[in-house]
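First up is the structure itself, then whatever we jot down about it.
Below, chain A is the first sequence line, B the second, and so on; all start at residue 1. For the numbers below, each heavy atom of this structure counts, side chains included, while hydrogens, waters and symmetry mates do not.
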Number of protein chains: 2
Amino acid sequence: MTEARPQTRIQKKNRETILDAALDVFSSEGFRGATLDQIASAASLSKPNVLYYFSSKEAIYTELLSELLDTWLDPLRALDPKGDPIDELVAYMRRKFEMSRQYPRESRLFANEIVQGAPRIVDEINGPLKSLVDKTAKLIQSWIHAGRLAPVDPYHLVFSIWATTQHYADFDVQVRGILTPEGDSHLDDAEAFLVTLYTRTLTPTSN
Amino acid sequence: MTEARPQTRIQKKNRETILDAALDVFSSEGFRGATLDQIASAASLSKPNVLYYFSSKEAIYTELLSELLDTWLDPLRALDPKGDPIDELVAYMRRKFEMSRQYPRESRLFANEIVQGAPRIVDEINGPLKSLVDKTAKLIQSWIHAGRLAPVDPYHLVFSIWATTQHYADFDVQVRGILTPEGDSHLDDAEAFLVTLYTRTLTPTSN
DNA sequence: GATGAACTTGACCGTTTGGTCAACAAACGC
DNA sequence: GCGTTTGTTGACCAAACGGTCAAGTTCATC
């Protein structure tokens with residue numbers, strides 16, 4: 001997707017600095033709420049200098065977004081049709097949770113974009129994302145058909161995994177306001193809860 | 001909270017028109033992304049006229065937020081300690097889901113605010129909201145202690161209910177992109193899934 | 001260490017933004 | 001009807017915004 005044009009050391013370093021700063025700003029302010037001055041300031045660069053590396057505010061944003069989409073679906077692609085269904089789905093949930101935990105800014109950037117109607121990635125959603133979820137849903141359905149999973153709607157199962165895992169990144173302020181945790185410890189509890197939630201939901205009943 | 005000052009017919013009508021238009025705009029653009037011109041245009045009023053009824057853009061926004069917070073917690077307050085635990089919690093989830101379904105704009109407004117750090121409602125979260133959730137968590141814990149619910153972390157249970165129900169309002173574009181539903185029918189499936197999810201999770205095992 | 005390419009930035013520009021104001025129009029109370 | 005309150009708006013303002021540019025500085029290469 002992103003072609004690897006020749007880059008000097010300085011280019012590489014500064015582009016990374018800018019993208020990191022922009023991720024901070026965009027994820028907490030949204031596209032329109034973010035300003036080039038904020039980004040430049042967060043990157044400790046002058047505004048014209050930022051625009052020397054990226055042609056526009058929009059260009060920085062779309063670069064972040066496409067980088068993100070590339071990796072965001074990896075956990076789902078890693079579902080193994082040959083594995084144990086419950087283990088696979090719980091493991092998928094764990095990978096997704098881990099991503100929200102390690103990349104909360106990316107999660108919030110994505111959330112901001114979607115909540116506001118996803119004007120820039122609507123094609124990605126209707127195309128590649130839909131295809132991948134459709135494929136996954138068929139796999140889950142086949143597992144259910146084989147009696148290896150309790151019957152559930154595969155699509156809504158996937159949605160619920162997305163919702164519950166991303167919640168801890170996207171609604172971090174709310175979670176922290178209620179749990180008043182120190183550090184990250186509450187996320188271990190969250191993961192344990194989610195493992196229980198999905199294990200109980202997916203385990204077939206004996207009769 | 002909002003004191004009822006004397007209002008003429010015109011005031012009442014126009015304030016409502018403005019708030020409704022502003023909800024449209026704020027919920028889909030965020031606070032910073034929304035402009036007074038958009039709001040005025042959506043309300044079919046001139047910009048100075050909008051500012052005749054509200055002292056500032058911020059005033060419109062905070063009015064919407066405080067109206068919202070008032071009603072947003074009602075479903076949780078309606079939990080009945082004397083009812084059947086599973087029925088009560090599933091009914092709570094249903095009420096929450098119904099709110100997201102009927103008031104998706106409000107849900108997105110809230111989501112926007114929280115994702116961006118909730119600068120204006122951080123006190124509400126750390127105060128009243130935390131108290132209410134703490135109280136609910138104790139109730140759930142007592143139900144578990146009495147063996148009437150399968151053991152789960154009460155806080156994360158509540159978070160998961162919030163996450164899964166709001167998801168359908170906040171991430172509507174994504175859900176629709178994948179399911180390509182006509183109308184609202186997919187939300188019935190979603191609700192059925194969530195009932196299953198929480199029933200299975202909360203039902204105590206016999207042994 | 002000279003030369004050209006890569007990098008940096010203060011000053012600036014046009015537009016958009018939230019908000020004001022004075023002047024006018026409608027509605028209300030009598 | 002008539003005066004006063006209430007409602008309405010075009011014109012305007014200062015600040016903030018995304019983006020440009022010319023002039024300067026640093027860097028790699030020979």
**Sorted by number, the residues of residues 30-44 of chain B with heavy-atom contact under 4.0 Å to DNA chain C** = B/Ala34, B/Thr35, B/Leu36
**Message:** Can you measure A/Glu58 atom CD to D/dG19 atom P for me and round it to whole angstrom units?
**Reply:** 8 Å
**Complete:** Rounded to whole Å, the NZ-P distance (B/Lys57 to D/dA16) equals 14 Å
**Message:** What's the separation between atom CD1 in A/Ile140 and atom CG in A/Leu89, rounded to the nearest 0.5 Å?
**Reply:** 5.0 Å
**Prompt:** Do B/Asn112 and A/Gln116 meet the criterion of a side-chain donor-acceptor pair at a distance under 3.5 Å?
**Reply:** yes
**Asked** Once you round it to whole Å, what is the distance between P of D/dC27 and NZ of A/Lys13?
**Response** 9 Å
**Asked** Going by atom types alone, do A/Tyr198 and A/Thr164 pair a side-chain donor with an acceptor below 3.5 Å?
**Response** yes
**Request:** Report yes or no: does A/Asp84 contribute a side-chain atom to a donor-acceptor pair with the main-chain N or O of A/Asp87 at less than 3.5 Å?
**Result:** yes
**Prompt:** If you measure from CD1 on B/Ile114 to NE2 on A/His167, what distance do you get to the nearest 0.5 Å?
**Reply:** 8.5 Å
**Message:** Check the orientation of B/Phe159 and A/Tyr168. Use parallel for under 30°, tilted for 30 to 60°, and perpendicular for over 60°.
**Reply:** perpendicular
**Item:** A/Leu187 side, atom CG; A/Asp184 side, atom CG - distance, nearest 0.5 Å
**Value:** 5.0 Å
**Prompt:** Reading DNA chain C 5' to 3', which nucleotide is the first, and which the last, to come under 4.0 Å of any heavy atom in chain A?
**Reply:** C/dA6 to C/dT17
**Parallel, tilted or perpendicular, as decided by the 30° and 60° cut-offs, for the rings of B/Phe26 and B/Tyr61** = perpendicular
**Message:** Please report the interatomic distance OG1(A/Thr203) to CZ(B/Arg200), rounded to the nearest 0.5 Å.
**Reply:** 9.5 Å
**Prompt:** Is it true that A/Lys138 and A/Asp134 make a salt bridge, defined as a side-chain N closer than 4.0 Å to a carboxylate O?
**Reply:** no
Nucleotide N/O to protein N/O under 3.5 Å, stretch nucleotides 4-8 of chain D:
{"residue": "D/dG7", "atom": "OP1", "partner": "B/Thr8", "partner atom": "OG1", "Å": "2.6"}
{"residue": "D/dG7", "atom": "OP1", "partner": "B/Gln11", "partner atom": "NE2", "Å": "3.3"}
{"residue": "D/dG7", "atom": "OP2", "partner": "B/Gln11", "partner atom": "NE2", "Å": "2.7"}
{"residue": "D/dG7", "atom": "OP2", "partner": "B/Tyr52", "partner atom": "OH", "Å": "2.8"}
{"residue": "D/dT8", "atom": "OP2", "partner": "B/Asn14", "partner atom": "ND2", "Å": "2.9"}
{"residue": "D/dT8", "atom": "OP2", "partner": "B/Asn49", "partner atom": "OD1", "Å": "3.3"}
{"residue": "D/dT8", "atom": "OP2", "partner": "B/Asn49", "partner atom": "ND2", "Å": "3.4"}
{"residue": "D/dT8", "atom": "OP2", "partner": "B/Tyr53", "partner atom": "OH", "Å": "2.6"}
{"residue": "D/dT8", "atom": "O5'", "partner": "B/Asn49", "partner atom": "ND2", "Å": "3.3"}

